Amino acid sequence: MIEHGTTEVNAELSAAYYENPDDACLWGLLINAGMLTIEEDVGDFRFRLRISDQELWKAFRKLTAFYLQVEDKKIKQGLKHIIPYDMIRKVKVREVA
């Protein structure tokens, strides 16, 4: 998701993460909280997801930094170099030479 703007995951939308703390329930929690948007229901509990908007992208970045135990600014600097993507307009950004 960080590199391409979307990702495809297995997500459990009806189970509580605290009752079943696995990856599928964590994705379901992030979807149900509105942090992630389902772009496509691929089938069999598999979904293509994207981050909903720029403010949520910042929150996702901070959550990722916390999870990886690194400083947020390091995540931000790294993402600037690998994501030529405008989250608001949902289009690729032209690279300036």
Side-chain angles (χ1 to χ4, degrees):
M1 183 176 302
I2 290 175
E3 188 174 348
H4 301 289
T6 64
T7 191
E8 198 171 295
V9 300
N10 290 323
E12 176 56 59
L13 302 178
S14 61
Y17 179 72
Y18 70 89
E19 292 175 352
N20 189 15
D22 63 8
D23 289 349
C25 289
L26 179 59
W27 287 114
L29 172 67
L30 295 172
I31 293 166
N32 290 329
M35 291 189 75
L36 300 175
T37 298
I38 296 174
E39 272 196 349
E40 182 181 354
D41 182 346
V42 180
D44 294 326
F45 299 100
R46 193 139 181 91
F47 302 92
R48 183 167 296 114
L49 306 177
R50 67 175 171 80
I51 297 174
S52 300
D53 62 29
Q54 190 65 32
E55 287 301 311
L56 292 175
W57 180 249
K58 290 177 188 176
F60 184 78
R61 189 185 70 221
K62 288 181 180 186
L63 180 64
T64 302
F66 176 78
Y67 182 77
L68 296 175
Q69 299 181 358
V70 297
E71 292 180 32
D72 180 46
K73 67 181 182 179
K74 288 186 179 183
I75 294 286
K76 184 178 179 181
Q77 290 169 348
L79 293 178
K80 284 194 313 189
H81 298 289
I82 65 170
I83 302 180
Y85 193 80
D86 183 329
M87 296 301 293
I88 301 296
R89 294 178 192 85
K90 301 178 189 89
V91 294
K92 291 279 185 175
V93 176
R94 280 188 278 150
E95 293 184 28
V96 178

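From a predicted model like this one, the values you see are computed outputs, not experimental measurements.
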Item to complete: For residues L36 and I51, determine if any side-chain heavy atom of one lies less than 4.5 Å from a side-chain heavy atom of the other.
Response: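 A side-chain contact under 4.5 Å exists here.
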Fill in: Sub-4.5 Å side-chain heavy-atom contact between N20 and E12
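No, their side chains stay 4.5 Å or more apart.
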Where do [X] and [Y] come nearest, in terms of heavy atoms and distance?
X	Y	value
C25	A15	SG-CB, 3.7 Å
V9	W27	CG1-CE2, 3.5 Å
D41	I38	N-CG2, 4.2 Å
L26	Y17	N-CD1, 3.5 Å

Worksheet item: Do NZ/NE/NH1/NH2 and the carboxylate oxygens of R48 and E39 come within less than 4.0 Å?
Response: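 Salt bridge: no.
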Worksheet item: Do the side chains of L13 and M35 join up, straight or via other hydrophobic residues, at under 4.5 Å, putting them in one cluster?
Response: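 In one cluster with L13: M35, yes.
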Item to complete: Treat each ILVMFWY residue as a node, draw an edge where side-chain heavy atoms are under 4.5 Å apart, and state whether F45 and L30 are in one component.
Response: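 No, F45 does not connect to L30 through the hydrophobic network.
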